[in-house]
Trainee: 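Dropping the structure in here first, questions after.
All chains are named by letter (A, B, ...) in the order of the sequence lines, taking the proteins before the strands, and each is independently numbered beginning at 1. Fair warning: this is a prediction, and the values are worked out from it, not measured in the lab. Below, each value reflects all heavy atoms present in this structure, side chains not excepted, and no hydrogens, waters or symmetry copies.
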Amino acid sequence: MNAVVLQGIHKFYGPSGTGVHALRGIDLTIAKGEVCVAIGPSGSGKSTLLRCINQLETVSAGRVYLDGELQGYTEREGRFHPLPPAKVAAQRRRTGMVFQRFNLFPHMTAAQNIMEGPVQVKGLRRSEAREMALALLARVGLQGLHDRYPNQLSGGQQQRVAIARALAMEPGVMLFDEPTSALDPELVGEVLDVIKDLARSGMTMMLVTHEIGFAREVADHLVFMDQGTLVESGPPRELLANPQNPRTRAFLSKVL
Amino acid sequence: MTKTNDPGGGASPPVAGEAGGAVTLNVIVPPRHPGRWLAVVILALLALQMAQALAVNENFHWGVFWKHLFHPHVLRGVMWTLILTVAAMAVAMFVAISLVVMRDSDNPILRGLAWGWIWFFRGTPIYTQLLFWGLFAVLFPRLSLNLPFGPEIIGVETKWIVTPAMAAVLGLGFNESAYLTEIFRAGFKAIDRGQTEAAEALGMTRTRIWLRILMPQAMRTIIPPTGNETIGMLKMTSLVLAVPFTLDLMFATNAIANRIFLPIPLLMVAAFWYLAITSVLMVGQFWLERHFGRGHDLPATRGLS
């Protein structure tokens, strides 16, 4: 069973035809338990693609399936009918997302940030959610920091709280949008370690990253994107060692 | 190996450093501010002179001031002024929150309605609006729910619903709502877009995102200008004689002043009470700001683990 299936995804910003054509027909499949990593130059559409999976962006053409269910629409006789907002919100519970800029809720402590989803969306009791939050904080190596507000935490700690917050919803797929790009270099490692642990635990994940070494280590499936197209994909070691496409080669020669 | 810098003279005792070594804190001599002391002396002298000039000036009729400060009509005026302020601000906030949500809505009809409301209530004078609310019962003697062009289903005499107090509250509240909407909107706009996205990614619905994520954060920037507006509203209640509503503080003191032909001491009475209420409101604002500043106004202790 495939966790994520993307079929012919196009994304236009602005009026289609004249606006920016950010994604130009992407097909991608992520199996259950697989880690898919997208690399590529800035503006290649990696983040946009990731955001299409949990409907932070609406696709202009194509279909997004999670666990075989079409996301965002019901399709009848070849036409797309948008789902009501409550249904979209429910579909988003399948995915957890970690952002480049953490986006923790600044008016809540670390524990409250993690509890927010389970309590408000799943209706979990506060006491249960709190236990869960403390366990998750321990899992990302932040035991004892549950009462800290985000601005009392370092960037790496904030990002680990953000990961715990996404995990608290028990998503089927985790999406990481350049999770280490906003971190000081010495804090990157601690966040990557948490992500590696997750990958080892069999979590289905899609990552967008600039950390090529990390991509090689963690990915089951590496895709290279450029100018809104999926240029090349394959097992990371092969793709990185022996890129077939000249654009991939050009990119890798700059970053490796 | 420990290293201490001897500052000489009255060195402070070494305190325990993190690695077990002794750290001698710098001895900091607070800077002197002779200019401040001079200013304090001059200002104190000026204040004394002003106080004396006020106290001995017979034109202020301090006896009359003290006699009327706790006059039953004045106290009743204070109470009504407070009621009008609180009720009008409550109406204004309720309407303003609805309007903010409407302006942010996907629905163009709601957006248009909100725009029209703000356009009208901000664009016409409050005094005119209050006169209009006072005349509402004359313009529409009966409020009723009818079938279109058909018989009345349920109805009531307007004067039972739009009483002078109600007219005053609605008039003040609706007018204020237009201003508060813009303040609230600014507060919500200042929040990073990533907050909404993070909440959406958790699967939160629009309503919950508003209530749990956006509102508490917007409060921080909304409270200071809203405190301003509340204090403004306190004094705007003195306009309700346009309705006419005749129980508020300004009307009460004016009525007494006109009776005994001594406007100054009664104006001082009114000013005293307005100032007293404003002071209480400012204390309330302080506590609110502290509550909603949580997570922001803390000293950042980055990187402690």
Trainee: Could you tell me the separation between the CE atom of A:M108 and the CD1 atom of B:I213, rounded to the nearest 0.5 Å?
Mentor: 4.0 Å

Trainee: Just by distance, do the side chain of A:H107 and the backbone of B:R212 share a donor-acceptor pair under 3.5 Å?
Mentor: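 Yes.
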
Trainee: Considering all heavy atoms of both residues, which atom of B:M204 and which atom of A:A89 are nearest to each other, and what is their separation?
Mentor: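 In terms of heavy atoms, the two residues are closest at O-CB, 3.9 Å.
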
Trainee: Quick check on A:P85 against chain B: is it the side chain, the backbone, both or neither that has a heavy atom closer than 4.5 Å?
Mentor: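 Contact with chain B involves no heavy atom of A:P85 at all.
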
Trainee: Could you name the residues of residues 110-132 of chain A that have a heavy atom within less than 4.5 Å of a heavy atom in chain B?
Mentor: A:E116, A:G117, A:Q120, A:V121

Trainee: Go through the atoms of A:F105 and report whether side chain, backbone, both or neither lie under 4.5 Å from a heavy atom of chain B.
Mentor: both

Trainee: With a sphere of 6.0 Å drawn around CG of B:N107, does it hold more than 12 non-hydrogen atoms of other residues, nucleotides or ligands?
Mentor: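 Enclosed: over 12 neighbouring heavy atoms sit under 6.0 Å from CG of B:N107.
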
Trainee: Tell me whether A:N54 contacts the main-chain N or O of B:A201 through its side chain, where contact means a donor paired with an acceptor under 3.5 Å.
Mentor: no

Trainee: Just so I understand: if I count every heavy-atom pair under 4.5 Å between each of A:R101, A:Q100, A:R51 and chain B, which residue has the most?
Mentor: A:R51

Trainee: Got a sec: does the CG of B:L147 have more than 12 other heavy atoms crowding it under 6.0 Å?
Mentor: yes

Trainee: For the CZ atom on B:F94, are there more than 12 heavy atoms of other groups (residues, nucleotides or ligands in this structure) within a distance under 6.0 Å?
Mentor: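 No, not enclosed.
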
Trainee: Would you say B:Q195's side chain and A:L104's backbone share a donor-acceptor pair under 3.5 angstrom?
Mentor: yes

Trainee: Checking A:R94 against chain B: side chain, backbone, both or neither under 4.5 Å from a heavy atom?
Mentor: neither

Trainee: More than 12 non-hydrogen atoms from neighbouring residues, nucleotides or ligands closer than 6.0 Å to CE on B:M166, yes or no?
Mentor: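 12 or below, so no.
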
Trainee: Would you say B:M79 has more than 12 foreign heavy atoms packed within less than 6.0 Å of its CE?
Mentor: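 Check passes, neighbour count above 12.
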
Trainee: Is B:K189 atom NZ crowded by more than 12 heavy atoms from other residues, nucleotides or ligands, each under 6.0 Å away?
Mentor: no

Trainee: Tell me, with the steps shown, if B:E197 and A:M97 meet side-chain contact (heavy atoms from CB on, under 4.5 Å).
Mentor: CA-CA 9 Å; B:E197 287 186 350; A:M97 182 140 186; over 6 Å; no

Trainee: Could you walk me through whether A:R92 and B:L202 pass the side-chain contact (heavy atoms from CB on, under 4.5 Å) test, one step at a time?
Mentor: CA-CA 7 Å; A:R92 286 193 176 121; B:L202 285 176; over 6 Å; no

